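Please read these numbers as outputs of a predicted model, since none were measured by experiment. Note on naming: letters A, B, ... go to the chains in the order of the sequence lines (proteins, then strands), and numbering restarts at 1 for each one.
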2 protein chains.
Amino acid sequence: MEISERKKKILAAVVDEYIITAEPVGSKALAEKAGLGCSSATIRNELAELVNMGYLEQPHTSAGRVPTALGYRMYVNELMQKQKLSLEETEELNDRLEKKLNELDNTISDVSRLASQLTNYPALALSSRSRVTIKRFDIIYVDANTFIIVVMLDNNTVRNKLVHLPVSVDEAMVRKLSTMFNASFTGILEDQITPVLINSTERAADDSLGLTSVIAAFAMEVLSSEAAPSAFVTGENRLLNQPEFRDPDKAHRLMSYLSGGGYILPPGEELGDTNEVKVLIGPENIAEELKDSSVIVASYDAGDGTKGLIGVVGPTRMDYSVIASKLSFLAQGLSRRLGGGEAPVEGMHNKLIIKGDDSDKR
Amino acid sequence: MEISERKKKILAAVVDEYIITAEPVGSKALAEKAGLGCSSATIRNELAELVNMGYLEQPHTSAGRVPTALGYRMYVNELMQKQKLSLEETEELNDRLEKKLNELDNTISDVSRLASQLTNYPALALSSRSRVTIKRFDIIYVDANTFIIVVMLDNNTVRNKLVHLPVSVDEAMVRKLSTMFNASFTGILEDQITPVLINSTERAADDSLGLTSVIAAFAMEVLSSEAAPSAFVTGENRLLNQPEFRDPDKAHRLMSYLSGGGYILPPGEELGDTNEVKVLIGPENIAEELKDSSVIVASYDAGDGTKGLIGVVGPTRMDYSVIASKLSFLAQGLSRRLGGGEAPVEGMHNKLIIKGDDSDKR
DNA sequence: TATTAGCACTCGAAAGAAATGAGTGCTAAC
DNA sequence: GTTAGCACTCATTTCTTTCGAGTGCTAATA
């Protein structure tokens with residue numbers, strides 16, 4: 001059955017109201033508030049149909065209506081007044097963000113904390129990097145039993161490791177190894193570091209002490225740890241602000257799921273396009289623990305192949321529009337600041353694309 | 001007024017019981033349970049006096065008794081059955097710990113997490129290092145505008161920084177600087193890196209580009225960041241396990257205080273001697289937010305001047321004895337593992353010293 | 001045909017009333 | 001000094017009652 005214009009208006013009004021009050025909303029309140037010129041009786045009829053269609057439900061016979069997950073989905077996809085942030089809010093957010101971004105270490109923990117502060121919900125940050133390679137090796141001879149391996153990655157971060165040996169090496173060997181690694185191990189991906197390559201290097205360097213494999217192992221370790229996605233969740237306690245989590249047991253269950261580093265996003269789900277905001281409503285989440293919560297995430301691009309993701313977790317009754325705007329805002333700020341994004345400085349608050357929605361909203 | 005032996009026994013019994021049930025304990029229960037050969041009426045008299053003396057209180061006229069902070073203090077100092085861990089528990093703990101310690105990065109976040117898991121309370125970890133020096137400098141020439149500074153600290157950790165310059169340098173200069181820094185900047189403390197020293201080095205190296213100050217600045221940054229105490233709190237959500245935090249507002253208040261990195265220990269309070277366990281009961285805490293919670297901390301020594309501290313936060317009704325044992329256990333494990341401690345492997349579970357208590361147990 | 005006023009009905013939440021019982025303090029006997 | 005006995009207190013639990021927001025349905029209206 002097709003949903004009429006008026007039904008849409010009513011549904012939107014129900015969701016808007018419910019987001020604020022967290023109480024079931026009744027026909028009378030709607031008649032007064034929403035500017036649709038009809039009486040409560042008419043609205044009652046419409047509401048009854050919306051229930052039939054699965055967009056709303058009633059906690060019990062004599063209560064008002066509450067949006068279902070389907071209702072929220074419809075709201076998010078089509079009805080929501082996107083970008084509610086006023087100019088002042090935008091300004092304020094911009095200021096705060098600018099300040100924060102400057103003192104930001106760009107550790108995902110900081111990013112997550114920032115998102116949580118901004119939205120007042122528990123927040124997660126996630127980042128992963130693809131196609132990392134090493135640009136340069138340096139091996140520093142310390143003493144006969146000790147050297148330091150220093151590698152510089154293609155994104156100019158530098159990592160090091162101190163190696164103690166049970167046997168002694170001389171400087172010449174170290175220098176030789178350094179040259180060989182720079183020749184053969186730079187610019188390649190982790191899975192291109194094969195036993196074959198290691199063996200041939202070992203032979204070529206005339207290394208009978210196994211130094212080659214130590215260095216190669218470190219290289220692999222660095223590459224894989226750099227590529228591994230890391231996640232961070234903060235502000236779990238903000239859940240307790242929400243009336244739907246006044247039950248300590250319920251709150252505890254979700255909070256420990258979050259703290260436990262449980263998977264929040266569908267495992268298959270690759271990070272979406274930059275500047276896209278995704279919303280997962282209630283049962284759309286795969287994790288059992290999230291089935292009656294919603295997740296909103298925005299992705300950003302830190303350049304050099306690093307993609308990141310910031311999001312919040314909250315009750316299904318969240319102000320999707322505001323939160324999505326804020327996250328999008330933050331994600332674009334990060335993209336811009338970390339150099340990857342082509343997001344224009346001016347345009348920060350007018351590009352908000354939400355999954356499942358193909359109309360651009362100004 | 002002096003406290004009689006029997007009163008002590010009764011007080012101990014009240015605390016023991018209350019720790020388990022979290023309910024006010026009555027005279028009858030005590031008469032049956034605690035093996036003191038007297039009737040409930042007698043106990044009632046004693047209880048009344050204990051209330052007068054300030055060790056116990058009554059929530060209301062017809063309720064049982066609950067320990068006051070003073071009562072807990074007395075319990076912790078004199079009455080508590082220390083070291084309740086049975087042999088099996090010790091074994092089990094040992095196993096778990098051994099396993100965990102091995103995969104431990106020794107980041108304070110890991111230590112904190114471990115403490116929280118072990119005790120099922122929110123936990124904090126804190127560590128600070130004194131008298132750090134740099135053992136060795138290496139400066140790697142990358143290209144005319146780029147070099148990498150690598151420093152090795154006296155505890156053999158290695159830190160590095162990539163420097164991009166607007167001007168160009170040659171390899172000879174870099175080598176010269178490296179030599180000079182190794183001569184003048186090794187083995188000294190942060191506050192010994194003075195403008196005078198920097199100036200003279202700069203002149204001696206004939207450095208007109210300000211490279212000296214860049215390197216010196218990095219050295220200072222490393223030294224100060226290494227010496228700065230850092231803290232980490234985890235497992236805040238475990239607070240919700242406790243009946244006294246079923247009120248979401250109360251829980252939220254404390255949790256956000258903890259997450260916010262609020263000061264948990266008295267600022268003046270230096271880290272105590274290794275293997276000492278400190279207990280701060282309710283109002284003994286300075287932070288307003290902790291006035292009706294207790295904090296138990298144990299300190300460890302990771303050698304090389306690094307002192308650490310692990311602790312938990314919970315309601316005043318905590319099983320001080322068990323928690324103190326576990327923390328002490330963990331602290332000693334850390335000391336041992338990180339090389340600083342002289343704690344004997346065997347002796348792990350028999351050296352438990354609690355602040356304010358001068359008798360050694362078992 | 002769509003809308004609306006009117007009304008009986010439902011059912012959770014709030015308020016009130018009564019019952020329960022754990023625990024006390026006190027007194028008098030041991 | 002200890003104990004049995006008993007009247008009293010008061011939080012907690014349970015059961016009723018009241019209240020009212022909100023509904024669904026019907027009949028009148030535009």
Side-chain angles (χ1 to χ4, degrees), chain A residues 1-11 13-15 17-18 20-68 71 243-244 246-247, chain B residues 1-11 13-15 17-18 20-68 71 243-244 246-247:
Chain A
M1 184 220 258
E2 210 33 70
I3 187 169
S4 73
E5 258 331 292
R6 192 169 64 185
K7 281 203 184 58
K8 284 188 184 176
K9 257 194 179 163
I10 292 177
L11 176 53
V14 171
V15 177
E17 186 70 11
Y18 185 66
I20 298 169
T21 63
E23 302 279 305
V25 343
S27 55
K28 207 170 154 196
L30 286 172
E32 283 163 12
K33 202 157 177 206
L36 10 80
C38 62
S39 79
S40 65
T42 312
I43 292 182
R44 268 203 296 285
N45 290 331
E46 296 282 52
L47 287 176
E49 289 183 49
L50 282 166
V51 169
N52 275 338
M53 295 163 81
Y55 293 116
L56 295 176
E57 65 187 351
Q58 270 180 304
H60 55 87
T61 329
S62 70
R65 306 310 208 281
V66 165
T68 61
E244 27 274 278
R246 304 225 37 109
D247 171 13
Chain B
M1 190 219 253
E2 209 35 68
I3 186 170
S4 74
E5 260 329 294
R6 192 169 65 185
K7 280 202 182 59
K8 283 188 185 176
K9 259 194 177 162
I10 292 177
L11 177 52
V14 171
V15 177
E17 185 70 11
Y18 186 64
I20 298 167
T21 63
E23 302 278 302
V25 345
S27 54
K28 205 171 157 196
L30 286 171
E32 282 162 13
K33 203 159 177 200
L36 10 80
C38 59
S39 77
S40 66
T42 313
I43 293 182
R44 269 203 295 285
N45 290 331
E46 296 282 52
L47 287 177
E49 289 183 50
L50 283 167
V51 168
N52 276 337
M53 295 163 80
Y55 292 116
L56 295 176
E57 64 187 349
Q58 269 181 303
H60 55 85
T61 329
S62 70
R65 305 309 208 282
V66 164
T68 60
E244 27 275 279
R246 301 221 45 102
D247 171 13

Rounded to whole Å, please give me the gap between [atom1] in [X] and [atom2] in [N].
| X | N | atom1 | atom2 | result |
| --- | --- | --- | --- | --- |
| R44(B) | dC26(C) | CZ | P | 11 Å |
| L56(B) | dT24(C) | CG | C1' | 14 Å |
| H60(B) | dG25(C) | NE2 | P | 12 Å |
| K28(B) | dA4(D) | NZ | C1' | 13 Å |
| E57(A) | dG22(D) | CD | P | 17 Å |
| E46(A) | dC25(D) | CD | P | 16 Å |
| E23(A) | dC11(C) | CD | C1' | 16 Å |
| N45(B) | dT3(D) | CG | P | 10 Å |

Give the intermediate values and the outcome of side-chain contact (heavy atoms from CB on, under 4.5 Å) for residues C38(B) and I43(B).
CA-CA 7 Å; C38(B) 59; I43(B) 293 182; 3.9 Å; yes
Candidate pair V14(B) and Y55(B), rule side-chain contact (heavy atoms from CB on, under 4.5 Å), full reasoning
CA-CA 10 Å; V14(B) 171; Y55(B) 292 116; over 6 Å; no
Keeping the roles fixed (side chain from T68(A), backbone from G54(A)), state whether a donor-acceptor pair exists under 3.5 Å.
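Such a contact is found between T68(A) side chain and G54(A) backbone.
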Heavy-atom donor-acceptor pair, Q58(B) side chain to A63(B) backbone, under 3.5 Å
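Between the backbone of A63(B) and the side chain of Q58(B) there is a qualifying donor-acceptor contact (under 3.5 Å).
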Hey, which sits more toward the 5' end of DNA chain D by its nearest nucleotide, S39(B) or P59(B)?
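Counting from the 5' end, the first nearest nucleotide belongs to S39(B).
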Closest-nucleotide 5' rank along DNA chain D - winner of T42(B) and Q58(A)
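Its nearest nucleotide lies further toward 5', so the answer is T42(B).
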Using only side-chain N and O atoms of [X], determine if any of them is under 4.0 Å from OP1 or OP2 of [N].
| X | N | answer |
| --- | --- | --- |
| R65(B) | dT24(C) | yes |
| T61(A) | dC11(C) | yes |
| S62(B) | dA11(D) | no |
| S27(B) | dG23(C) | no |
| R6(B) | dT2(D) | yes |

Which nucleotide in dC11(C), dC6(D), dT4(C) has an atom nearest any side-chain atom of A41(A):
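Nearest listed nucleotide: dT4(C).
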Of the nucleotides dT3(D), dG25(C), dT24(C), which has the atom closest to the L47(B) side chain?
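Closest nucleotide among those given: dT24(C).
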Closest heavy-atom pair and its distance - P67(B), L56(B):
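For P67(B) versus L56(B), the nearest heavy atoms are CA-CD2, 3.7 Å.
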